[in-house]
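Everything on this sheet refers to the single structure shown next.
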Number of protein chains: 2
Amino acid sequence: MPRPDASLRSFVGYDMKRAFSVIQYDVNAVLMAFGLRMVTFSALVVIRDNPGLRQTRLAQILMIERPNLVLILDDLERADLVLRERCAEDRRAYELSVTEQGAQVCERAVRAVARHDARMTEGLSEAQCQALHRALQLIERKGRTGDDTGSVSRA
Amino acid sequence: MPRPDASLRSFVGYDMKRAFSVIQYDVNAVLMAFGLRMVTFSALVVIRDNPGLRQTRLAQILMIERPNLVLILDDLERADLVLRERCAEDRRAYELSVTEQGAQVCERAVRAVARHDARMTEGLSEAQCQALHRALQLIERKGRTGDDTGSVSRA
DNA sequence: TATTGTTATACTCTATAACTATA
DNA sequence: TATAGTTATAGAGTATAACAATA
């Protein structure tokens with residue numbers, strides 16, 4: 001047997017866990033320069049693209065629990081990247097938006113992560129890279145119970 | 001924008017995190033029937049394939065820290081699936097091996113995970129599935145500092 | 001009564017320092 | 001002194017129950 005873990009290499013879950021742990025480590029290193037982690041980065045990008053978003057909906061989109069999102073937003077608000085504003089129609093809710101600084105940091109962080117992504121997939125053709133994305137999204141759909149079909153209000 | 005997280009979908013890390021969380025949840029559900037988790041399953045398979053393995057080497061293979069492996073092996077030993085036997089040449093070390101029961105559980109768990117794997121990649125051709133494995137392993141190698149070249153003693 | 005955001009909490013995973021026993 | 005396995009511990013990440021304010 002060439003590798004001591006050869007048996008496990010036939011399972012996508014094993015290869016994916018290893019590949020992901022490598023990516024996670026690297027991306028977090030890239031994002032640290034912006035004071036961000038993977039989750040706070042993801043939240044920042046989605047809020048920028050969907051201004052007026054409410055927390056419950058954002059939690060659905062990112063597939064995280066509402067209580068966990070609170071700390072993520074506290075983090076982003078403390079760094080002056082995101083605003084929570086009381087919703088006029090429903091005063092229980094907040095409307096989320098990025099600040100001017102948040103938009104700038106988001107833009108630069110996206111570019112940095114894109115550069116890192118390019119380095120990680122270096123050696124794959126454009127077609128192979130697209131095939132990878134499609135395969136991952138197909139696998140994600142297999143496990144979905146999910147109602148991620150709803151549209152999001154845009155300002 | 002079709003999806004609220006469309007910007008993030010261009011990053012392999014994002015697609016991979018979501019696909020992996022789906023797989024992890026599912027595979028853990030499959031393994032629960034055998035009293036195993038993903039890590040204990042991985043350890044069991046590698047020990048079966050590399051009898052006489054020492055803990056430090058197993059930790060390297062699975063890319064986990066030695067202290068964390070201890071609890072994993074405690075778990076496997078308590079379930080009578082794995083044996084720790086004092087090494088004759090070096091009495092600090094243990095030689096790891098699977099019990100008769102461990103071999104049987106391993107065999108059946110491998111088959112169950114393989115069936116689940118087939119379901120997850122259903123819709124991908126054989127070639128596409130191989131391409132997925134190759135892409136994931138390529139990404140893993142990008143982040144390696146690593147010395148995973150050493151061979152493992154086989155009984 | 002139900003929902004939004006929140007608090008408190010617990011459980012897993014992961015990472016590091018320091019210990020013991022052997023070498 | 002260095003190494004193998006271990007202990008203790010701390011930090012993330014993640015999950016659930018229950019609360020206050022509002023609907």
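Order of the sequence lines fixes the chain letters, A, B, ..., with proteins taken first and strands second; residue numbering starts at 1 for each chain. Small disclaimer: the values here were computed from a predicted structure and weren't measured.
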> Residues two or more places apart in sequence or in another chain: which of them pass side-chain contact (heavy atoms from CB on, under 4.5 Å) with B/Arg86?
Replying inline: B/Tyr94
> In terms of side-chain geometry, is the basic nitrogen of A/Arg9 or B/Glu140 positioned less than 4.0 Å from the acidic oxygen of its partner?
Replying inline: yes
>> Which residues pass the salt bridge (charged side-chain N to carboxylate O under 4.0 Å, His left out) test with B/Arg119, not counting sequence neighbours?
In response: B/Asp26
> C/dT6 P sits how many Å from A/Asp74 CG, rounded?
Replying inline: 7 Å
> Does the side chain of B/Leu124 reach to within under 4.5 Å of the side chain of B/Leu132, using non-hydrogen atoms?
Replying inline: yes
> How would you list all residue pairs meeting side-chain hydrogen bond (donor to acceptor under 3.5 Å, both in side chains) that involve residues 68-78 of chain A, not counting sequence neighbours?
Replying inline: A/Arg37-A/Asp75, A/Asp74-A/Arg84, A/Glu77-A/Arg84
> Taking CG from B/Leu73 and C1' from D/dT7, how many angstroms apart are they, rounded to a whole number?
Replying inline: 15 Å
>> Test of understanding: with side-chain contact (heavy atoms from CB on, under 4.5 Å), list the residues that count as partners of B/Leu62, not counting sequence neighbours.
In response: A/Leu8, A/Tyr14, B/Ser42, B/Ala43, B/Val46, B/Leu58, B/Ile64
> Does the side chain of A/Ile61 reach to within under 4.5 Å of the side chain of B/Arg3, using non-hydrogen atoms?
Replying inline: no
> Rounded to the Å, how far apart are A/Leu69 CG and D/dT16 P?
Replying inline: 16 Å
>> Between P on C/dA2 and CZ on A/Arg54, what's the gap in Å once rounded to a whole number?
In response: 20 Å
> Going by heavy atoms in the side chains, are B/Asp5 and B/Arg18 under 4.5 Å from each other?
Replying inline: yes
>> Using five pairs at each end of the helix from C/dT1-D/dA23 to C/dA23-D/dT1 to define an axis, what is the angle between those two axes, to 10°?
In response: 20°
> Distance check: side-chain N/O of A/Thr56 vs OP1/OP2 of C/dT3, anything under 4.0 Å?
Replying inline: no
>> What does the B/S/- profile of nucleotides 13-23 of chain C look like, 5' to 3', with a 4.0 Å heavy-atom cutoff to protein?
In response: SBBBB---BBS
> Distance check: side-chain N/O of A/Gln55 vs OP1/OP2 of C/dT3, anything under 4.0 Å?
Replying inline: no
